[in-house]
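Notes to accompany the following structure.
Position 1 is the first residue of the sequence; numbering continues from there. First listed ligand is number 1; within each ligand, the first listed atom is number 1.
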Amino acid sequence: MLKQLWLSYFNWYLKFSGLSRKTKASSLFYFRNKLFVSIFILTVVLGFFAYLASAIVAISLNKWLVVFIDTAGMLVLFFIFLNKKMGLTTKKRLFSINFFALSFALILELGFNSNGTIMLSMLCVFVTLYSGRKAGINTVLITATFYGLVLLISYFEWIIFNFNRNTPIEVIFIVFTNNIMFNFLMVFSVSFLIDQLNRALIKETNLQEKLIKKHKNVVKAKGEAERSNKLKTAFLANMSHEIRTPMYGILGCAELLKDYNIDSEFNEYVKVIQDNGNKLLDVISDIVNYSKLESGLLTANLAPFNIMHSVEDIVKEFTPIAKEKGVYLNLNNDIPKRNNIVVSDVEKFTTILKHLIANALKYTNKDGSILVNCVLDYESSIVKFSVEDTGIGISKDKLSDIFAPFYRIDHSNDDAIHGAGIGLAISKAYSNLLEGEIGVESIVDYGSVFWFTISTNLQSTEKAKALYLTK
Ligand code: ADP
């Protein structure tokens with residue numbers, strides 16, 4: 001409550017003295033002026049109570065000169081305080097002069113161990129705070145001049161002050177010199193503190209400005225990125241359509257040519273067109289999908305599906321290719337015949353499994369074997385797949401690299417193994433998208449086991465299954 005009262009009073013006086021309209025809020029000058037206003041208000045309020053106490057005591061002791069000095073000081077203070085037209089700089093000057101006068105008068109009247117010396121020291125600090133080091137030093141110099149004059153007058157005994165009567169001049173000299181040194185020390189300490197504060201303030205303001213600028217740049221960059229992402233999406237969709245459509249045309253025609261069955265050489269050429277066309281289609285799909293992944297455009301389309309049927313269909317699709325290569329392809333399906341509806345993204349899951357089987361086939365020589373395993377763990381809602389091959393294997397130091405995009409192990413001695421090197425990178429990204437993991441264990445010349453998991457929301461699987469069965 002006291003704080004609120006103070007703040008409202010303080011703000012009122014800031015407005016009253018026109019400070020907020022005239023000076024730049026972040027400057028040191030503004031800071032000093034605000035400091036002056038705080039000191040000034042406090043001096044008026046506290047000074048008034050101090051004045052009342054000292055006036056009562058002075059009256060009771062019959063010290064009318066002290067009453068006069070105090071009253072004059074207080075009146076001047078009120079006059080400066082309530083004068084709306086007076087600028088803050090003039091107020092500062094008059095405030096300081098008033099303090100000087102009051103302190104000098106009190107020292108002369110009551111001696112150097114009166115409040116006067118304390119007030120002079122305080123004034124040095126105040127002036128340094130609200131007007132800077134130079135003004136602070138000047139205050140000390142004025143104090144020193146006053147002390148010098150008093151000493152001179154006392155020495156030649158032109159006037160006999162009260163304190164001359166019971167204190168030797170040497171003691172007065174030491175007290176005065178100490179006071180001056182002490183005041184100098186305070187001025188330097190306070191001005192150092194203010195300088196440091198000001199530096200910190202400037203730094204903070206600069207930092208804030210930089211941050212605001214950076215934030216604006218980030219907002220701008222974000223807008224640009226969003227725009228370019230939209231362009232990318234449109235480009236990818238177009239690319240995918242523009243390349244795939246003519247490819248389907250070529251492959252369709254190749255299929256029609258097959259019916260002509262002119263001779264075996266002719267059929268072989270048609271098969272070459274079909275095989276290479278399909279490979280090209282796969283590479284294009286991989287690149288487009290990878291670009292979509294990179295731009296964060298791919299999301300999982302969750303829907304219920306029969307996982308057992310999907311796995312069987314995929315293995316069936318690869319059986320003729322395996323047969324042709326002379327590789328044994330087997331499925332070990334541990335998914336129960338009932339309860340085999342799961343909720344996941346069938347397209348992405350199919351892509352991963354197909355990639356792994358295609359790779360196993362690619363890197364396994366004739367008479368080798370491939371075993372596809374799948375297990376559905378109801379407790380953890382996870383389906384785990386593995387593709388084991390007896391192929392060429394991968395050396396230990398390359399195992400962590402093969403999931404990086406465009407990474408390929410150099411099989412320079414085998415021209416038949418082609419690939420863009422992004423199949424595993426896509427598989428990894430897809431398994432992550434399906435809240436699963438992917439990994440590999442392998443021994444060179446012995447074979448590899450690639451495994452991956454997908455998370456299926458089995459709680460909703462029951463509902464999904466009911467829905468799926470009613471379709
Ligand atoms: P690609 O097969 O098109 O080169 P991938 O990303 O599918 O790209 O695989 C990256 C690399 O990992 C391959 O170049 C290959 O050296 C290695 N690799 C993948 N699967 C197997 C496997 N079953 N056996 C041995 N090496 C493999």
Side-chain angles (χ1 to χ4, degrees), residues 240 243 247 275-294 298 311 314-315 317-319 321-332 347-374 384-434 436-454:
S240 169
I243 297 173
M247 269 321 290
D275 286 352
N276 285 299
N278 278 323
K279 269 184 196 160
L280 193 63
L281 213 57
D282 285 347
V283 171
I284 290 162
S285 297
D286 276 355
I287 292 174
V288 169
N289 283 340
Y290 187 73
S291 312
K292 280 185 184 170
L293 264 174
E294 281 273 273
L298 274 187
V311 175
I314 295 165
V315 174
E317 196 182 315
F318 280 97
T319 307
I321 308 165
K323 227 179 220 167
E324 198 181 319
K325 201 178 172 186
V327 172
Y328 303 97
L329 174 62
N330 293 304
L331 169 66
N332 182 8
E347 205 188 305
K348 295 193 176 62
F349 145 74
T350 308
T351 307
I352 307 172
L353 193 57
K354 273 186 176 175
H355 262 307
L356 297 190
I357 299 176
N359 273 355
L361 270 170
K362 207 156 57 166
Y363 299 103
T364 303
N365 294 325
K366 194 172 180 283
D367 294 329
S369 65
I370 297 167
L371 180 62
V372 179
N373 290 295
C374 43
K384 183 166 182 173
F385 303 88
S386 65
V387 180
E388 297 177 27
D389 65 51
T390 55
I392 57 170
I394 305 159
S395 62
K396 252 193 176 151
D397 59 317
K398 307 227 163 77
L399 281 180
S400 56
D401 294 328
I402 55 169
F403 291 98
F406 307 109
Y407 182 86
R408 300 201 72 231
I409 300 171
D410 190 15
H411 302 287
S412 46
N413 53 349
D414 195 341
D415 291 339
I417 299 174
H418 295 288
I422 46 175
L424 286 180
I426 289 177
S427 301
K428 187 177 176 175
Y430 279 9
S431 58
N432 287 347
L433 209 64
L434 302 182
E437 287 175 289
I438 194 164
V440 60
E441 281 130 41
S442 186
I443 300 170
V444 176
D445 293 334
Y446 191 79
S448 314
V449 182
F450 278 85
W451 59 266
F452 75 97
T453 60
I454 57 168

statement: Note: heavy atom closest to atom 23 (N) of ligand 1, options Asp389, Thr364, Val387, belongs to Asp389
- request: Kindly identify the option in Asp282, Leu424, Ile426 whose heavy atom sits closest to atom 9 (O) of ligand 1.
  value: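 Closest candidate by heavy-atom distance is Leu424.
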task: Could you see which bit of Ile394 sits under 4.0 Å from ligand 1, with heavy atoms only: side chain, backbone, both or neither?
output: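 Only the side chain of Ile394 comes within reach of ligand 1.
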- prompt: Quick one: does ligand 1 sit under 4.0 Å from the side chain of Phe403, the backbone, both or neither, non-hydrogen atoms only?
  reply: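 Answer for Phe403: neither.
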Would you mind running through ligand 1 and noting each atom that sits below 4.0 Å from a heavy atom of [X]?
X      : answer
Ile422 : 6 (O), 8 (O)
Lys362 : 1 (P), 2 (O), 3 (O)
Ile402 : 10 (C), 12 (O)

- request: Evaluate side chain to side chain contact (heavy atoms under 4.5 Å, CB included) for Leu353 paired with Phe452, printing each intermediate quantity in order.
  value: CA-CA 9 Å; Leu353 193 57; Phe452 75 97; 3.9 Å; yes
message: Return the OG1 to CD1 distance between Thr390 and Ile443, rounded to the nearest 0.5 Å.
response: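 Thr390 atom OG1 to Ile443 atom CD1 measures 12.5 Å (nearest 0.5 Å).
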Are any non-hydrogen side-chain atoms of [X] and [Y] less than 4.5 angstrom apart?
X      : Y      : answer
Phe385 : Phe349 : yes
Ile352 : Ile426 : no
Thr351 : His355 : yes

message: Quick check on His355 - does any of its heavy atoms sit under 4.0 Å from an atom of ligand 1?
response: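 The answer is no: ligand 1 sits nowhere under 4.0 Å from a heavy atom of His355.
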- prompt: Below 4.0 Å from any atom of ligand 1, is there a heavy atom belonging to Ser448?
  reply: yes
- request: Measure from the side-chain N and O atoms of Ser442 to the backbone N and O of Gly393, and report whether any donor-acceptor pair falls under 3.5 Å.
  value: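 No; zero donor-acceptor contacts below 3.5 Å.
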Under 3.5 Å: N/O of Gly421 near N/O of ligand 1: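 For ligand 1, there is an N or O atom that lies under 3.5 Å from one belonging to Gly421.
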- prompt: Do any nitrogen or oxygen atoms of Gly393 lie less than 3.5 angstrom from nitrogen or oxygen atoms of ligand 1?
  reply: no
query: For the side-chain contact (heavy atoms from CB on, under 4.5 Å) test, which of Asn359, Leu371, Ile370, Val449 pairs with Val387?
result: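 Single side-chain contact (heavy atoms from CB on, under 4.5 Å) partner of Val387 among Asn359, Leu371, Ile370, Val449: Ile370.
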message: Over 60° means perpendicular and under 30° means parallel, so tell me whether Phe403 and Phe450 are parallel, tilted or perpendicular.
response: perpendicular
